[in-house]
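Step one of this worksheet: look at the structure below.
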Amino acid sequence: MLQVRSISKGYPTRSGRLVVLREVSLTLAAGESIAIMGPSGSGKSTLLNILGTLETPDDGRVTLDDCDPFSLSQRELARFRNRRIGFVFQDHHLLPQCSVVENVLLPTLADRQGPSELHRARELLDRVGLADRLEHHPAELSGGEKQRVAIARALILRPSLVLADEPTGNLDRSAADSVAELLSELPRQDESALIVVTHSERLAGRFSRVFDLTDAALTARS
Ligand code: ADP
Ligand code: MG
């Protein structure tokens with residue numbers, strides 16, 4: 001489903017080129033979940049941003065559902081990203097002026113799916129335990145609840161791939177546990193693959209495949 005072949009990425013700096021990813025490869029089957037760990041500044045967000053098509057690799061190839069997203073036009077890429085990839089960030093990135101259910105429906109605005117959308121949004125919010133918060137606004141929710149809305153939003157269009165960058169990084173332990181549990185279960189129920197970047201051994205421990213990103217290289221833990 002996802003194939004990453006030998007991608008490299010670097011940034012120019014005053015003291016020369018900073019290599020962040022060096023020939024990183026990774027294959028993910030449909031519906032598979034993995035965790036990526038690594039020290040701060042090791043390139044985890046850069047890798048996730050490339051897989052999310054928000055940044056372009058300098059070298060190598062990425063295919064998602066047999067499509068090379070970097071060969072698409074800007075317009076096709078925006079549509080591809082919205083439909084195929086769900087994002088959960090460390091900060092929830094909810095729109096403050098929209099209600100919970102409106103936030104979950106946001107991805108459908110650019111990609112109309114018909115009258116089933118509202119039903120699916122309600123069902124997802126039920127699954128993340130927020131059935132009685134549909135009309136709340138983000139400011140009226142706890143940090144953990146906001147992340148659960150973000151998970152529902154990421155899944156609304158049944159993406160092939162969900163990317164979560166330190167999704168429990170800003171949460172206390174009990175909120176982090178409930179978000180971790182949902183993240184390790186919901187995408188799988190929906191047959192979405194999931195890549196979670198985390199500092200938390202507790203969260204990573206929920207996944208059977210864990211990788212370390214260190215010295216620009218991705219290695220599987222044995
Ligand atoms: P992580 O998510 O593992 O903490 P990042 O992927 O955010 O690491 O960053 C990896 C390295 O690349 C860091 O040293 C960071 O300073 C550098 N970096 C990230 N983005 C840029 C950029 N746009 N320009 C220059 N350097 C960058
Ligand atoms: Mg990061």
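Positions are given from 1 along the sequence. Read the numbers this way: they start at 1 and go in the same order the structure lists the ligands and their atoms. No hydrogens, no waters, no symmetry mates; every other heavy atom, side chains included, goes into these values.
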Going by the order shown, which atoms of ligand 1 are within less than 4.0 Å of some heavy atom of S42?
1 (P), 3 (O), 8 (O)

Please report the C-alpha distance between E191 and R158 in whole Å, then the side-chain angles of each, then the deciding distance to 0.1 Å, and finally whether the side-chain contact (heavy atoms from CB on, under 4.5 Å) criterion is met.
CA-CA 8 Å; E191 295 172 2; R158 303 179 193 276; over 6 Å; no

Closest protein heavy atom to atom 7 (O) of ligand 1, given as residue, atom name and distance to 0.1 Å
S45 CB, 3.7 Å

Got a protein heavy atom sitting under 4.0 Å from atom 13 (C) of ligand 1?
yes

Is T46 close enough that one of its N/O/S atoms sits under 2.8 Å from the Mg ion (ligand 2)?
no

Out of G10, G41, P39, who is nearest to atom 1 (P) of ligand 1 when you count heavy atoms only?
G41

For atom 23 (N) of ligand 1, the protein heavy atom that lies nearest, with its residue and separation:
Y11 CE2, 3.6 Å

Are L106 and F87 grouped together when hydrophobic residues (ILVMFWY) are joined by side-chain heavy atoms under 4.5 angstrom apart?
no

Find out if a path of hydrophobic residues (ILVMFWY) with successive side-chain heavy-atom gaps under 4.5 Å connects L155 to L48.
no

Output all residues satisfying side-chain contact (heavy atoms from CB on, under 4.5 Å) with V101, sequence neighbours left out; order by chain, then residue number.
S99, L105, L118, A121, L125, L134, E135

Using a 4.0 Å cut-off to any heavy atom of S40, which atoms of ligand 1 qualify?
4 (O)

What is the nearest protein non-hydrogen atom to atom 8 (O) of ligand 1, stated with its residue, atom name and distance?
G43 N, 3.2 Å

Out of V20, T46, L48, V19, who is nearest to atom 5 (P) of ligand 1 when you count heavy atoms only?
T46

Validation row: K44, H199 side chains within 4.5 angstrom (heavy atoms)
yes

Considering only heavy atoms from C-beta outward, does the side chain of P167 approach that of V196 to under 4.5 Å?
yes

If you have a sec, work out which protein heavy atom is nearest atom 15 (C) of ligand 1 and how many Å separate them, to one decimal?
L18 CD2, 4.7 Å

To the nearest 0.5 angstrom, please state how far the CG atom of D68 sits from the CG atom of D66.
11.0 Å

Would a search of protein heavy atoms around atom 18 (N) of ligand 1 find one under 4.0 Å away?
yes

The side-chain contact (heavy atoms from CB on, under 4.5 Å) partner of L130 among H136, R122, K146, E145 is E145

